[in-house]
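What follows is a single structure, written as structure tokens, with notes after it.
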2 protein chains.
Amino acid sequence: MPSKQILVGIVGVGLVGSELVSQILSIPAARNPFKIVFLASSTKVLYAPVVDADPAKWKAALAASTEAVDLKALGGYLRTLVAQQQGQGEGVEGRAVIVDNTSAEGVAGMYAEWIGQGVSVVTPNKKGFSGDRGVWEGILRAAEGEGAGRWLNESTVGAGLPVVNTLREMVGSGDRVRKIEGVFSGTMSYIFNEWSGVPSGKGEGEGGGRKKFSDVVRVAREKGYTEPHPADDLNGADVARKLTILARTIGACAVGETAGVPVLGSYRDVQTQSLIPKALEGEGSGDVFVSRLGEFDEEFERLREEAEREGCVLRFVGVVDVENGVVKAGLEKYPVSHPFATSLGGSDNIIMFHTERYSPRPLIVQGAGAGAAVTAMGVLGDLLKLV
Amino acid sequence: MPSKQILVGIVGVGLVGSELVSQILSIPAARNPFKIVFLASSTKVLYAPVVDADPAKWKAALAASTEAVDLKALGGYLRTLVAQQQGQGEGVEGRAVIVDNTSAEGVAGMYAEWIGQGVSVVTPNKKGFSGDRGVWEGILRAAEGEGAGRWLNESTVGAGLPVVNTLREMVGSGDRVRKIEGVFSGTMSYIFNEWSGVPSGKGEGEGGGRKKFSDVVRVAREKGYTEPHPADDLNGADVARKLTILARTIGACAVGETAGVPVLGSYRDVQTQSLIPKALEGEGSGDVFVSRLGEFDEEFERLREEAEREGCVLRFVGVVDVENGVVKAGLEKYPVSHPFATSLGGSDNIIMFHTERYSPRPLIVQGAGAGAAVTAMGVLGDLLKLV
């Protein structure tokens, strides 16, 4: 076992959390730098778990635990463990990390405290970095302290795709971002690739007719590509959160001037176009929402036709436009020869970085931007950076 | 100044080296984690340089230095410096790094020794990782030792594009690579984008006629896109070296089985198709080579026509085909709808990772893969990983 093992506490053991445990265990023990020292669900925590290849066993042990989760205690637990293992002389810095696999605001609210205690945070949870500015700035401030932990959040945007760290290194080495533009939602990508495709092939129903927007959304929901309530995708908030993370990353990591990057109070400050028809706003039932969405197919059809008259397809994109000081999410038209039209498929993300160095042609990253396996991979990639 | 400054020795102060110095200096002093402690050209070394924003000054000081370069002494120099700064109690590990901006075999031959001394190595120099297997394995062995330095080589493939580290994290987290396929040479990319474009626009000369292969190469050389002797690009060795690095990275970093990845004795084991006409092999003069290349335009034209009859374009690509145990570089045909045909322009690189997790659609990285600014950025990105 490597001499400098990193103690890992895992909060959130759903699809991503379970996959992460499996991926950590797949590293041969002789050179595995990670030791899982607790597992926590939303209600319970299991300290010093016996984690072996059969997830059913640790899941049963966690379910049988009588210990309630106390988020405030987790950082201290890791500090104590490190001290026991290393002797009191050594700092906790770089030796312990909490992975937050939840999407809970409450867990994100703990990052600053944990980081201040010397515990690093790795997470795909967007809440801490895209919510209220005070929370975000608290994380930054905590990380600047002596002996503080680090935060790594590659998997908050594009899952395992190299997006956030590429941006960090780009601006951290003095490059200047002009514009980041991309398809950031796997769900939106699927819906628009299906519904507004390049002529011939896609965009046509089985009978040769055109697919209706509501049908595409219904099928996406049936396949599990949308949230249980599709309005949670169609409102654009997920994209707005990712854009907030990218815009703030530029501000936090750049070494040069960042004039033009708007300072966002939260993701709600992103100019976001919701695709929820006015009449369905506030509809609480996903089932009712989907069944009534067809009433608005003609509205969507008009948008598609307008785009097609211009030789374009529609995509739901996010833009951090530094030169013009705008961060926005919404529908845009792209000519059929544009990579967003031709190169995209499935539920791929695609992200273009237009920068001083990557000019006139952008740096492009593309691939699956959602799913437990690639999200956990992004998390483990960040963990490996701590080794 | 940050408490844990990293001492950086720079070997090679040409275009990339000078740009790297500028990028390091662009980080505000108050939070600059790097201190440049020597600069070395191919003949001289300047210890404890005063490096300020005007490169003319440190270049003059280096030129005026009377100290000859002794590569063997550089690792020891850094060890001594670290010991002085930190007290004898602390290790050198993680505190000192040598950046090799040369393309010299001799410098690459020093990596194992430096790493064994606890000094990390960061470099865009492909020689150490793509040459004889013994040198490569020496680097791996050295890095496994107690207190050893690390090696980071992101900028050896695709310059600043996230390629090597993406692959490291991918296979290090248990993903299985099926095939890596890409356009890895900026020069080859430019030549074939110009010469074998998708119909309409590209591939046509100004008078509406077709461009000749020799003319495209001549113009590329005039623009500085090729080596002084274009045969050094057309022989495919640069691509073979990059493929060797990727194939070896899979072998070295994977946690799962790597069955199918050929163990390469050196880049010469890659199945490489040279584009140098037989009659011009061994022609020592770049000028003569270019002036005679036109004699073979018809041969190239036949290849282009054959591709076009199949609705394809030609690209010079590299493939690490793990499933079939083949590593090869050469001309391939791609339908005009393929990203290698439509999406590529300028002298862009494009790399597709087909893996177990990125399936059926690959992870794609694209953008400028050569040039001093983006290469130095890749180097600085690696340096930042050491902080």
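For the numbers below, each heavy atom of this structure counts, side chains included, while hydrogens, waters and symmetry mates do not. A, B, ... follow the sequence lines: proteins, then strands. Residue 1 opens every chain.
For L380(A), the part sitting under 4.5 Å from any heavy atom of chain B is the side chain, from C-beta outward, and nothing else. Contacts between L363(A) and chain B at a heavy-atom distance below 4.5 Å involve backbone atoms as well as side-chain atoms. In this structure, the portions of S26(A) lying under 4.5 Å from any heavy atom of chain B include both its backbone and its side chain. With a threshold of 4.5 angstrom between heavy atoms, I27(B) approaches chain A through its backbone and through its side chain. In this structure, the portion of D175(A) lying under 4.5 Å from any heavy atom of chain B is its side chain and not its backbone. Residue contact with chain B, scored on non-hydrogen atoms closer than 4.5 Å, is absent for A376(A). There is no contact between R168(A) and chain B, counting heavy-atom distances below 4.5 Å. Contact of V171(A) with chain B is not made at all, since no heavy-atom distance falls under 4.5 Å. Contact annotation for M352(A): neither backbone nor side-chain heavy atoms come within less than 4.5 Å of a heavy atom of chain B.
By the neighbour-count criterion of 12 heavy atoms within 6.0 Å, atom NZ of K385(B) is densely surrounded, having more than that number from other residues, nucleotides or ligands. For L15(A), the CG atom counts as loosely surrounded, since its 6.0 Å shell holds 12 or fewer non-hydrogen atoms of other residues, nucleotides or ligands.
Ranked by heavy-atom pairs under 4.5 Å with chain B, the list G174(A), A368(A), G367(A) is led by A368(A). The candidate from D348(A), T342(A), V365(A) with the greatest count of non-hydrogen atom pairs under 4.5 Å with chain B is D348(A).
Judged by distance alone, the side chain of R361(A) and the main-chain N or O of G345(B) form a donor-acceptor pair under 3.5 Å.
At least one side-chain heavy atom of Y358(B) sits under 4.5 Å from a side-chain heavy atom of L161(A). Counting heavy atoms from C-beta outward, Q366(B) and Q366(A) have side chains that stay 4.5 Å or more apart. Residues V255(B) and P28(A) form a side-chain contact, since some pair of their non-hydrogen atoms from C-beta on lies under 4.5 Å apart.
Remark: E19(B) CD to R357(A) CZ distance equals 6.0 Å, nearest 0.5 Å. Note that SG of C253(A) and CG of L384(B) are 9.5 Å apart. Values are rounded to the nearest 0.5 Å. One finds the CD1 atom of I350(B) at 7.5 Å from the CD1 atom of I364(A) (value rounded to the nearest 0.5 Å). To the nearest 0.5 Å, atoms CD (Q23(B)) and OG (S173(A)) are separated by 5.0 Å. Rounding to the nearest 0.5 Å places CD of E169(A) at 7.5 Å from CD of E154(B).
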